[in-house]
Every structure is written in C-alpha cells, then in structure tokens.
Number of protein chains: 2
Amino acid sequence: MKLTKEDLQLISNTIKVLSMDAVQRANSGHPGMPMGCSDIAAVLWTKILNHNPDDPDWVNRDRFILSAGHGSMLLYSVLYLSGYSLDIEDLKSFRQPGSLTPGHPEYKHTRGVETTTGPLGQGFANGIGMAIAGKIFKEEFSQSSDLIDHYIYALVSDGDIMEGISSEAASIAGHLGLGEIIYIYDSNRISIEGSTNLTFSEDVALRFNSCNWHVQQINGHDHEEIEDAVLKGQKETGKPSIIIARTSIAKGSPNKENSAESHGAPLGEDEVKAVKRNMGWDENKTFYVPERVYEIFDQRKEELHKIYNEWNDLFEKTISGELKDKWNRYFTKPDIRSLRGKIPAFETGSKIATRSAGGKVLEVLYKKLPNLMGGSADLAPSNKTLVKGYRESGKNSIGRNIHFGIREHSMGAIQNGIAYYGGLIPFSATFLVFMDYMRPPMRIAALSGLHTVYVFTHDSFFVGEDGPTHQPVEQIASARAIPELHVIRPADAEETKEAWLAAIDRSNGPTMLVLTRQNLPVLERGKISSPEDLHKGAYIIYDTEKKPDIIILASGSEVHISIEAAKELKQTGIDARVVSFPSWELFDLQSEQYRESVVPPRIPCAVVEAGIKMGWEKYSGKDALFITLERFGASAPGEELAKIFGFTKENIAERVKEYLSKL
Amino acid sequence: MKLTKEDLQLISNTIKVLSMDAVQRANSGHPGMPMGCSDIAAVLWTKILNHNPDDPDWVNRDRFILSAGHGSMLLYSVLYLSGYSLDIEDLKSFRQPGSLTPGHPEYKHTRGVETTTGPLGQGFANGIGMAIAGKIFKEEFSQSSDLIDHYIYALVSDGDIMEGISSEAASIAGHLGLGEIIYIYDSNRISIEGSTNLTFSEDVALRFNSCNWHVQQINGHDHEEIEDAVLKGQKETGKPSIIIARTSIAKGSPNKENSAESHGAPLGEDEVKAVKRNMGWDENKTFYVPERVYEIFDQRKEELHKIYNEWNDLFEKTISGELKDKWNRYFTKPDIRSLRGKIPAFETGSKIATRSAGGKVLEVLYKKLPNLMGGSADLAPSNKTLVKGYRESGKNSIGRNIHFGIREHSMGAIQNGIAYYGGLIPFSATFLVFMDYMRPPMRIAALSGLHTVYVFTHDSFFVGEDGPTHQPVEQIASARAIPELHVIRPADAEETKEAWLAAIDRSNGPTMLVLTRQNLPVLERGKISSPEDLHKGAYIIYDTEKKPDIIILASGSEVHISIEAAKELKQTGIDARVVSFPSWELFDLQSEQYRESVVPPRIPCAVVEAGIKMGWEKYSGKDALFITLERFGASAPGEELAKIFGFTKENIAERVKEYLSKL
C-alpha cells in the first residue's frame, strides 16, 4: 500500500489522540509510551504486520507483542483501527469494570492481544518462545514451502531491557539463531524515577552484539527509518534483530514531552488540548478519527485478506493426507483414556523415584503427542526430562528437547510464548526450590489460562546433602497459593502417570508436577482405589473396616510411610484411614458428597507432608495433628533427616497415638 | 610472602585432595569445581586476600564470595588451611548432620563464610551490595584515610553468568563504578547437561564491556597470570573488574577432567587414587596436607595479623570523638522506644495511605539512624521511599538513597550483600505483586537471618485500574509461607509507624511491610488498645461489652471497614469483636494465654482480607466466614472493585448476619 508522509503522520496523530483521550477519560493510565511509539505503530500496522482481524488465531500471522504492557492504549488503538472486534465505546471505557480494554493487555480477554503483559521483561521472553514454536511448525510442516513464514515483533521498553529476564532470553535467542525475531526498543530514556541516567548506562547495542543479535539504531519518529530497519531485520534470517529506536516519551506534548510525568498519569485536560492544537486538530473533539485513517485501514484490511486467502490456498495444497492428520493432532485435545493405555504399568512393590517414573511416562507421551515439547534449565539428567530419540536444541537449531540453560525465569516466559503461539504443549523443568526463580511467568500462565506443564523434582528435604538452599519447604504451599494453578504431588509411579495425564488433559490452565528425587515403592492399592483416582485430587488409599479413629492426609513421598504407620497402628488397636492427597485443586472440584466421603467431618485428622502445613487446616481442621516441617531444612543424607524431622513410620505412629490419647 | 611455583602447586594440589576426599567420603557433592579452581584459590588465599581468621567480622577485610556455592569444599579447604575454626574432622564430616561443612556454604553457620550461596547468581549480586556498603563506610568514615580500603572478590561460574540476576547486577555495578569488585569467572564451559555450547554462545567479554566493566582474559591454571590479573583489577579503581579465567573442570583427573560427570558426583575411589598418583602423592592417604602447606599458611596468618594490627592502630587514630559515636551507632541495636518518641503522631480520623505514612516515618528514621539506607526498583515516587535531603546514587556515586533501576531480583540480592557486610540496615521497595521477581533473595535473607526490610506497596486489588497483573492476591500468603520472614500489614498510619519500628528492631531476620496505595483513616482506638499492640501481631481494636457473637479477624485496609461493619451489626443486635491482625509471625510468638484472650476458642470467626484465605484457618477454624479473594483481580477503579469483590462494610455486615443465622 502506498502511503504518503502525511498519511503516516495522520495515523500516528490518531494513535496519540485515542491514547491520551482514553487515559484522560479513565483518569488513569500511561499516555507517554503510546505517544512516543505512535510513529512506530503507524508503520508496523499499515505496512509491515501480516495478520487477519477476522481470524486472530491464524497460525501464520505475524505476532506483535507489547512487552511494555503499560502502553496498552497504543495496542487498543491499532487493534480498533485495524478492525478487530473493538469499537470506539470500548476505547471510551478504558480501565473500567468489565471493559475489553483493561489497564494492561490481557490474553483471551481482548481479540488480537497476543500476550498478557505489564510485569516487565515477560513479553520480551514470550516472543522468543513464539519464535521457537514457529521453528517447530516450520520444521514439522513447512520444510519445502513458505507455509510458516512469519515474524515476531515486539515493542520493548527501557524497563524490559533492564530486567534480567531479557538478558537471559536474549542470550538463548542469539544462541538459537532466531531470525524471526524483530524487536523494536523504545529507547525513551525515561523511567518512573526520572531519567534512565540515574541507573542505566549500558551500551545496549554492544550488549546485544555480545549475544549474537543483529543491531540497528534509528530515530524512532522517522517513518522511513523505521520501515527500512524492519525490512533489514527481516532479511537477517540467522540472527534475532533489535532496532534501537531513539524516541521521546509523550512526543507531541508541548509541556510533558521527555518528562517522567507523562509516564503513568493522564496529561491533564489542558495539556491534551494543547497537543491537539499543536498538531492542528480541533481541541474540543475527543476520540476523533479522521476519515482518511479509516480509509487507509480498510484498504490495509483488504490487502491482508488477500494475503490470508493466498495462504489458505497454500495450506490446502501443502497440508494433506498424513500431514493433515498430524496438523489436526496439534490442534485437537488429546484423549487421555487412549493415552493411558499406551503407558506401561509400573510394577506394584518395585521402587522408583517419581521423577524417574515421570521420565518414563514422558517417553511414551513424546511418541504419542507430536506437539509435546520442552526441557530443563540445565537439570535434565536430574529432572529426567530429556527424551532420547528426539532432536535437541543447540547452536542455530531447535528440537522438541530444548536446552534452556541456567535461566529459569526466561524458561518460564519462553514456555508461555510457546503456549501463546498455539498448537503446542510446552513443559519446563527444574528443581522445585528454583520455582522461586520463575514464579512471575507461572503467575501469568495461570492468569492467562495457558496450557503449560511444570516438572519440578527434588521436592522436599529428602534432597538431602545439598542442604537448605536446595530443599523446598514452603514451595508447595506457595504454589498452591497461585489461583488457577493446579499442583499435583503424586505418591508413586502410578500416580505420576495419572498426574501427567491430568496435565495433558487440562488445556485451559497450567499444571505443576511435584516429584521426588528419592525412590518410592509403587503402592499396593487393593480393591478400594485405583491410580485413576488421582484425578479426584484425593482418595482413600488404605482403610479399615471400622469407622476410622483417625484420618491421615498425606501427599507424595509421605503416603507410603503413612500407610506403614497405619498398619503399625492397627496392631495397637487404632484404626487409621490414609488418604492419598496429591492435589488440593482437583479435590476442590469434586462434589461435597465425594469430599465428605473421603474426609468425613468430626473425625480427627493428621496431616503428613514434608513441607509447611499452611492451608492444610481447611481439610483437617486447625486442631489436627500436623507432621509437617515448619523450618528450613539442613544438609545431611535424606534418610537421616527423615529421622531428625520425624518423617518415619515409627514417629507417625507414635505421634498419632499420643495425639489420640489427649483428645 | 615469597612463594615458589612449587609452593603454589602444592597448595593447589592440597585443595584438590581435600575437596575430592571430602566429597568421596560423603559420597555426595561437587568435586569438579574445587579441582578446577584450586589454582585460583591458592593464589587468592596466600597472596591476595586480607582477612583475619581470628576476627572474621573485621570491617576492613576483603570479602570472598563463592557464588558457585556448590563448590563449597573449595571454600572449606582454604578456610581450614587459613586457620578459621574448622578442623580436619569437620572436613571429614562434610554434608553430615550438624556438621560445620554443609553442602552449600551457609552464612552464620561456618566462620569465614561470607554469604549463603547455591542458588545461582545470588553471590554475584551479593558482592555488588558489599561494594555499595563499603562505599558508604568509606564516605562516612574514611574520606581522608585508607581506613576502608578493601576489595570484594567472588568466584563465579557459568551458571552465575547465565542467570539474569547477574546481568542486572553487572549493569548497576558498572553504572555505579564499583572499582572494589574483582570477580573471577571460572569459565570451565561445562554445565550439568553437558558443554555450555548447548545453550551459551555469548561473547562474555563484550557483554561486560557493554556494562562498563574492566575485562581480562587469562588461563585460570597459571598462577602468575592469576596474580597479575588480580593486581591489575585492583588498580582499576573506577570500574568493576571481571577476570575471565579459562579453566578445566576437575583439573588433574585423568579420566574426568573437562567432563560434566565430575560436576555433581564423587569421582569414585579409583579416580581419586589416580588423581593422587598423577600428582605424585601417596594414593592411600586421605585428607593429607603436606607440612609445607601448613607452614605457608602459618606464615600468611602472621602477615595478616600484622596488617590487621596496623589497621587497628589506624582505626584508633582516625575514629574518635563524634566519629567514634557514629561508628558505634552503626554497630549497636537501635532503641525503638527512643525512636518512637521522635516520630510525630498521625492524627486520628485523618486519611493517609499507609505507603505515605511509611514515607513519613522513613524520613524520621533516616535522620535518627545514619546506617539505614535503601531504595526502590524504579518505583520510589509510588513507594514513597526516597528520602529528601540525603544523597542519591547515580553514575559513579553512591548515597543512602539507592536508585536500583527496574531490577527487583538483583535489588533483593544486593540488599542481602549490604546486610552481609554488617553495620547497615538496608531496605528495598517495589509493588507487592513484584515481590515475585525477588523471592529467591528474600528466601536467602530468611535462611541466613539477615536484617533486611522490604517495603511493598500497592498491596491488593485496591491498586485498581492497573488490573490483575498489578494486583496482588496470593502474595501475602506466599510471603507468610517463607519461614523466618516476618510479614506485617498495618491497618493505618499509626500501625505503619510501629511496623517500621518492629522491622528496625528485628536484627536477626527480615521483615516485610505491606502497605496500601489508597488512603485509610487513622483509626480511633479508645482505651482498649494502642498502636504499640502491633508488636503482638494481633490485638482487639474494637470490642463489645458482652461476649462477642463473632470475632472478625482483619488486616490492613480491611480493618477499618470491619470496624464499620461491626458498628452496623451492633445496631441489629449482633456483638462483633474486631481484631486487627497485622502479623501472623508476631502473634505466634505470644503466649497461649494472650492468643486465647484475643481469639478465644469456640467463638465463631470471620476473616476479612483482600487476598486469598489460605492459612487463615489456623486462627479462625476451617468453618469460619471468609471474606477473601479467591481469584485474580480485574482492571477497574479500586472502589468499584471493592463493591464487586465484596469488601464493603455493607457486605461484611450482611455476610456476618447470614453466616450467624445458619450456625
């Protein structure tokens, strides 16, 4: 499409006006960034981005990430102009209850929003995940065609660049040679506390050079420079690109351009008018869009439809037969009943760590689910997550086995990017204690309903000699605290199989598997239960014929010692029921009737878990017996710590007896 | 001290032997790193480091951080040889219960260990904090002398360099021009999954150049090169230094040198013997230290004592009178009763956000406590944490107001470094929701008993328009989950004052203050309570004359609406007690008698907190009424969300009535 200089300026001005008007009306928001980046957005959304407002899920679209999510009005403005399902009223209800235009972009909430952003650095890393996903699709479906042939654009801010996650993500992106990445760095040199000079004097170009990126530096308000740089970035196919665009925050504001004041507060009625006057617009009109701008975007939409239709033709030609079946499997929810049948049973009584069981399950799942992929932050041999026989990532290459390096935070956000991309099920892995390093992207996965799986092994003090820095104590509780995250801590290999199946089955949210380092017996279940009961969150795994004197609620490695303790208690005339309780969230989804059948009211309870007790009271009552760990761990062999911390069948039996005798 | 080539080799070999023997005996640990870095350690601990094994707290000592904490045997070996209070039996009980030689170095556990390390990247950032602390000391006490004149050394690994936190910390260190920093990068190019080539192809020299570091590259096994590089690093006073030392992991092991196998597992008896044979040592001796090595370290200790004594003379000469008083105040626990008197009271009934009250308290504390310092991750204007009238950090300069930049993770670890240094009380600040970015160093502060303070504002959905990415829901619960961390959420300005005093008073562990964005009334307390009751964790702030029908447990911004609800309930004949419950941890420290006087058993409870309920059951019982938020927030004005989410006096009163009617 041929656009004049004036056309582009008009669009840029329109974005400025919509953004500052919306922020002003909401009396809340961030006008400075949209105004500073309106020139970049004008070029991208009229001349560069391939997408289809009528099919936002089109696989081969270019992705656009607003990593600086606080500039949300920039995105809403261009989505509105491009013809996504937003209307001017939506812009007017910016940041209001129930509106389609929340303060920060929310995935699944507003059509055309590719990622939930706001927490800085996340979007930067999400894009790396999308590029990895694109490479996988290209490899699997499009080796001899241009079927998968798109770019990942992001607008990143000083804040994104300062957060460590962007260094991690840049390092792995450069290593993998992700040429699809074209990031524009809005270098406005203003942060909330003032000039970035207060804290930031990196040579950003050199930094990205050191990570194997293609680096350009431009004036972020010059439309030609912007377009040229993007086109050069497209040509650089072996390296990710960053375009360092020098911009002025709140560009066009006579009194607030280049000022930190414009970052996070409305400009004020007078200043808004002054901006409009300055650009020769009617200062009394709000939310005004010139006809010519609508015309341009209508024309762009036609162009885009043409591109989209051509792609669909190519798709029909390229993807057929077996390839079509495979494609469909990427986009169809797997049938876990059929999957279950493919996974060999673990022999009752044999001993195997749940991390190892997880590894064996993963081998089968890789074979059956071609869209399952992931890896570890340099702990694959410990997490048991590298699946032999499938390609591994490396210098300039991608495979379904990703080596993330020692970069947990970006691993989590890259994983989110893969999930945002669609069609793939990404997992990541590390030690449970290092979940703390990747909590921010896990929260966003939960908030955005992403299908991600976390494999966290070495799940308690049973880690042993590595000591308290490596022994989780509060991590399981702190994971349970995250809304919408399912946490599953299986008791043995058979439950581990079911836990993986639950994670595969839950396509609208993240699931975290909590696995042991140490061996555990595969449990004897008799007739009262089956491993499939894991999907109910908790179930009776050992019972007495009489009404129980006590109900022991246990998870993970504490289930088998609880059963042994119950057997010992039986000898002394105490009837104990043991409930295997792998998942609070799954249990909470069951009927009240079921829940009360497992943990009937008014029977004394004990909780046995090698972590803090916090929150267990909701099932056990506050006066239950808690055999938990309310302190940091210690460095010693796991079995010795078990004695010191009281996680032995003898101690459990003893404490139960004592507890019941005092009731 | 003159040492021959052979002497240094002998020391290096001794470190190798002690390390691999200890790991072998424990049958657990990491021999590869200590063997690969024994040459570096030999040079540092005989020719470079100024310290005093008999006074590990000596302020002007050089600090040595083993950021690659898994190589703990390296550190234990040199601490032992240097004459710290470790004996050979301690090395033999490496990783055993109760030993002084745990798997990863633990601060306060082993004399001479400067930092708790293991979680990668933390040590790297801790050192930056120590250098900042040193600058403050130099500025305050030693402008015209060499009283504070030391270096911060660290041994950092590939893992440290890959973690994003090290990029953040390197960026701020270069900006601040911390010439005291001399880091040696153990570039062995081996990680757990194999060669670092799998994931890492940065030009590390260029990367550190881009952050204004002084960069050298050496052979990490050449003693002369090591010494020369360190001396050059010392001369570079305006920039932090990194020495990229090319090393071989497990250097000297005939079969495991340069292999990932040597990273995290014992070499095996045969290989241990082979190493000893290789270096011409008796393969049957374990934990053997040649006499010459003891001799060298004895001599070194004498030299060090001389240096130490000279410094003490200088101290006596330099630090006297007022300066001596000031010095003493740095190392004396403040008297909070006297501090309290200096802080003006907040007027009952007036309205002020607790973040603003916190800011006002901080102003007084800065005046009265010259060793209090800190800052925000670019949110000072929102956190209210920049104290006017005191120097601010900037390019090549440090002040008590630190601008951390948008780098929460390294902020937390730098803060730990300041606390490790001694004498200073560091605080950091950000939005509560971004606590997730800095959880790993907070955990270590708790584990290591560091005196750190966290000021986390914008503590609930009352943040409003910024939406769910910026609204904490689970953060308070997830903070309470961390052992040894005190979490305080004050209900008004007066409680905020006391919360700050509690944080100052708690010198053996971290305290986190949870403050509002929105205004809150300064509460009317009458005769039944005083703000000082905050130190008890929970107290009755509103009561009825009769035995209460219900006890409302509330914290922070929910206390005043709970009191209003109680007043409304009174009109309908329901007697409600309101307990202001700012801190679980402080409450748990009280006597059972006190706790039962506040929350007597068998009276129905309600919990009102704008976050998840998890864990409150331990005070309220599981069948209590929970007016909490079990979902992510939403973007809208805070007051509107309060109605939607039910945090209004009307809804509380209504729900209580309904709840009691069903009992």
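Note that the structure is a prediction, hence the values are computed from the model and not measured. Protein chains get the first letters and strands the later ones, always in sequence-line order, with residue 1 at the start of each.
If you check the side chains of A:E202 and B:S171, you find a donor sitting under 3.5 Å from an acceptor. A donor atom on one side chain and an acceptor atom on the other are not found under 3.5 Å apart for A:S393 and A:H403. Side-chain contact annotation: A:R95 with A:S72, donor-acceptor N/O pair under 3.5 Å absent. The closest side-chain donor-acceptor pair between A:D466 and A:Q471, if any, does not fall under 3.5 angstrom.
The candidate from B:S635, B:G98, B:G103 with the greatest count of non-hydrogen atom pairs under 4.5 Å with chain A is B:S635. Contacts with chain B were tallied for A:P102, A:G615, A:P119; A:P119 has the most, counting heavy-atom pairs under 4.5 Å. Highest contact tally toward chain B, considering only A:L206, A:I402, A:L176, is held by A:L206 [criterion: heavy-atom pairs under 4.5 Å]. In terms of non-hydrogen atom pairs under 4.5 Å with chain B, the most contact-rich of A:P637, A:A624, A:A479 is A:P637. Of the listed residues (B:H470, B:Q96, B:M435), the one with the most heavy-atom contacts under 4.5 Å to chain A is B:H470. Looking only at heavy-atom pairs under 4.5 Å with chain A, the residue among B:I165, B:N197, B:D623, B:T116 that has the most is B:N197. No other option in B:S167, B:P97, B:G264, B:C211 has as many heavy-atom pairs under 4.5 Å with chain A as B:P97. Contact tally against chain A (heavy-atom pairs below 4.5 Å) for B:A170, B:G159, B:A169, B:G464: the top residue is B:G159. Looking only at heavy-atom pairs under 4.5 Å with chain B, the residue among A:G394, A:S93, A:S191 that has the most is A:S191. When the candidates A:I172, A:I192, A:T117 are compared by the number of heavy-atom contacts under 4.5 Å with chain B, A:I192 comes out ahead. Of the listed residues B:H109, B:Q122, B:H70, B:E630, the one with more heavy-atom pairs under 4.5 angstrom with chain A than any other is B:Q122. Options A:E474, A:K622, A:E484 differ in how many heavy-atom pairs under 4.5 Å they form with chain B, and the most are formed by A:E474.
Using a 4.5 Å cut-off between heavy atoms, A:I612 touches chain B through its side chain atoms alone. For A:Y619, the part lying near chain B is the backbone, with the side chain staying farther off; criterion is any non-hydrogen pair under 4.5 Å. For A:V204, no part lies under 4.5 angstrom from a heavy atom of chain B. Proximity to chain A involves both the backbone and the side chain of B:E408, based on heavy atoms less than 4.5 angstrom apart. In this structure, chain B has heavy atoms under 4.5 Å from both the backbone and the side chain of A:N209. When heavy atoms are compared at a cutoff of 4.5 Å, A:L386 does not approach chain B at all. When heavy atoms are compared at a cutoff of 4.5 Å, B:F434 approaches chain A solely by way of its side chain, counted from C-beta outward. Contact of B:I444 with chain A is not made at all, since no heavy-atom distance falls under 4.5 Å. Residue contact with chain B, scored on non-hydrogen atoms closer than 4.5 Å, involves the backbone and the side chain of A:S376 alike. For A:A634, no part lies near chain B; criterion is any non-hydrogen pair under 4.5 Å. Looking at A:H30, the atoms closer than 4.5 Å to chain B (heavy atoms on both sides) all sit in the side chain, from C-beta outward. Proximity to chain B (any heavy atom under 4.5 Å) is restricted, for A:F404, to the backbone atoms N, CA, C and O. With a threshold of 4.5 angstrom between heavy atoms, B:S28 approaches chain A through side-chain atoms but not through N, CA, C or O. In this structure, the portion of A:E640 lying under 4.5 Å from any heavy atom of chain B is its side chain and not its backbone. If you measure heavy-atom distances from B:P472 to chain A, the contacts under 4.5 Å come from the backbone alone. Using a 4.5 Å cut-off between heavy atoms, A:W584 contacts chain B through its side chain alone, with no backbone atom that close. In this structure, chain A has no heavy atom under 4.5 Å from any part of B:N27. Of the atoms belonging to A:A446, heavy atoms from both backbone and side chain fall under 4.5 Å from chain B.
A 6.0 Å sphere centred on NZ of A:K395 holds more than 12 heavy atoms belonging to other residues, nucleotides or ligands.
Residues B:I161 and B:F200 have side chains in contact (heavy-atom distance under 4.5 Å, counting atoms from C-beta outward). Residues A:T115 and A:P105 form no side-chain contact, since every pair of their non-hydrogen atoms from C-beta on lies 4.5 Å or further apart. Residues A:R439 and B:S478 have side chains in contact (heavy-atom distance under 4.5 Å, counting atoms from C-beta outward). Taking 4.5 Å as the limit, every side-chain heavy atom of B:E617 sits out of range of all side-chain heavy atoms of A:W616. A:T430 places a side-chain heavy atom less than 4.5 Å from the side chain of A:M438. Considering only heavy atoms from C-beta on, B:F431 stays 4.5 Å or farther from B:Q475 through its side chain.
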side-chain hydrogen bond (donor to acceptor under 3.5 Å, both in side chains) for B:T469 and A:R443? Distances and angles first, verdict last.
CA-CA 9 Å; B:T469 54; A:R443 182 179 209 257; over 6 Å; no

Residue pair A:K618, A:D588: steps toward the salt bridge (charged side-chain N to carboxylate O under 4.0 Å, His left out) verdict
CA-CA 11 Å; A:K618 81 167 163 172; A:D588 292 348; 3.0 Å; yes

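Ring geometry for A:Y437 versus B:H409: interplanar angle over 60°, hence perpendicular rather than tilted (30 to 60°).
By the 4.0 Å N-to-carboxylate-O rule, A:D378 lies too far from A:R407 to be salt-bridged with it. Salt bridge absent: B:R207 and A:D203 never bring a charged side-chain N and a carboxylate O closer than 4.0 Å.
The CD1 atom of A:I406 lies 9.0 Å from the OG1 atom of B:T196; values are rounded to the nearest 0.5 Å.
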